[in-house]
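Only one structure is covered here, and it is reproduced in the block below.
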Amino acid sequence: MNDKFLPFTLPDIGDEELVEIKEVLDSGWLTSGPKVRQFEMEFARSIGASYAVSVNSCTAALHLSLEAMGIESGDEVITTPYTFAASAEVIRYFDATPVFVDICPTDFNINPDLIDKSITKRTRAILPVHIGGLPASLTDIYRIAEHYGLAVVEDAAHAYPSKYRGNFIGQDLLGKSFRHSVCFSFYATKTLTTGEGGMIVTSDKPIADRCRMMSLHGISKGAWKRYTAQGSWYYEILAPGYKYNLSDIAAAIGLAQLRKSDAMWRRRTEIAQQYNNAFIKLPGLEIPQDRSDSLHSWHLYMLRLDLDLLRIDRQEFTEELKRRNIGSSVHFIPLHLHPYYRKVYNFSRESFPVASLEYEREISIPIYSQMTDADVQYVIDSVSEVINNFH
Ligand SMILES: *Cc1c(COP(=O)(O)O)cnc(C)c1O
């Protein structure tokens, strides 16, 4: 057995990040400035996005996007219960209603066939989440949105770099008229990190402009450089905005991360393939869905236990891995099972039966570029051993 604990996740940080950060510290400009602009440009270029607005979290990105779409009190926004807190709380910020639609049994993503019947005259937007890095069915979602005149805000916190039908998530593919935005997270555990951070990308310029203005107190364009030689002390407040801007220190980390993001993605893909090859043969285990129309970012490797074939449940499975010094996690506790949503919307386990069922048998195991070949083999051996002992 390994003496050293293998964490569930670790950021891929090296000297490249330190060099970038030092440049910022030496420059005397620590908050949003040249590094942020460069990070936005290089991020947009990496996925072929038209406009990119950096912010200090994906939660902020989702909030600003809904604000730019004009969401108001009493509006309804369709999303999935199978996600992290952020995806739905941002809807509540407006005193709007998150309307949950159950997931597909195959891939943990919102079931597009169930969206139509959840639409009412108060529906304003659809907020799909690309869970684990496997894209939701965007063709269906955008078709429905277009049909009913709804905005789309994609929660792409897991989806850098994922592809759907040949295009990167966030790539400009919709023409200029669609009201949409795609929100990425650079939280410490995500596939590209700035410690904390996020990005809004869109092909809709008015949406990008609104998000940028509202990310910095709703003050007029260019105010961020009011202390530079080209800047002026004068500014105007155009709306009561927020304080969501990304710092140059964070952007510096992001620039270093961007340069190695392809190598990091390749390594995760390699690990996923090794896991798939090993686990597909084991009874009582289902490997994650991968689709031929998509490219998986492999932010998460989401295994499913066939509880009928095993003598242990998910909790005991995580304990068995912990005993072998392997960290694991569960993605996600569906929102409708949390006290707040249960209480306010009267939800029960049966409200979204697929999400409830899949949650009980999901376990995420380590997948990150810092893992060595020995780490990967150790996880494979350990999972196989647990299955052999308990099936
Ligand atoms: C991490 C995460 C977010 C929030 O990202 P932050 O950058 O931490 O605000 C939103 N949605 C999902 C699905 C996430 O996993």
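Note that ligands are numbered from 1 as they come in the structure, with each ligand's atoms numbered from 1 the same way. When reading the values below, keep in mind they use all heavy atoms of this one structure, side chains included, and skip hydrogens, waters and symmetry mates. The structure presented is a predicted model; accordingly, all values stated were derived computationally and were not measured.
- Legend: salt bridge (charged side-chain N to carboxylate O under 4.0 Å, His left out) pairs involving residues 100-117, not counting sequence neighbours, sorted by first then second residue: D107-R291.
- Going from atom OH of Y142 over to atom OG of S137 covers 13.0 Å, rounded to the nearest 0.5 Å.
- Partners of Y82 under the ring-ring contact (aromatic ring centres under 6.0 Å, His included) rule, at least two apart in sequence or in another chain, are F108.
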Once you restrict both partners to nitrogen or oxygen, which atoms of ligand 1 have a protein partner under 3.5 Å, and how far apart are they?
residue: ligand 1; atom: 5 (O); partner: S185; partner atom: OG; Å: 3.2
residue: ligand 1; atom: 7 (O); partner: C58; partner atom: N; Å: 2.8
residue: ligand 1; atom: 7 (O); partner: S185; partner atom: OG; Å: 2.7
residue: ligand 1; atom: 9 (O); partner: C58; partner atom: N; Å: 3.2
residue: ligand 1; atom: 9 (O); partner: T59; partner atom: N; Å: 2.9
residue: ligand 1; atom: 9 (O); partner: T59; partner atom: OG1; Å: 2.5
residue: ligand 1; atom: 11 (N); partner: D155; partner atom: OD1; Å: 3.3
residue: ligand 1; atom: 11 (N); partner: D155; partner atom: OD2; Å: 2.7
residue: ligand 1; atom: 15 (O); partner: H158; partner atom: NE2; Å: 2.6
residue: ligand 1; atom: 15 (O); partner: K190; partner atom: NZ; Å: 3.1

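- Residue pairs meeting the salt bridge (charged side-chain N to carboxylate O under 4.0 Å, His left out) criterion with at least one partner in residues 326-343, sequence neighbours excluded, are absent.
- Using modelled atom types, one finds a donor on one side chain and an acceptor on the other under 3.5 Å when comparing Y340 with R92.
- The cationic atom of R314 (NZ for Lys, CZ for Arg) lies less than 6.0 Å from the six-membered ring centre of Y359 and within 45° of the ring axis.
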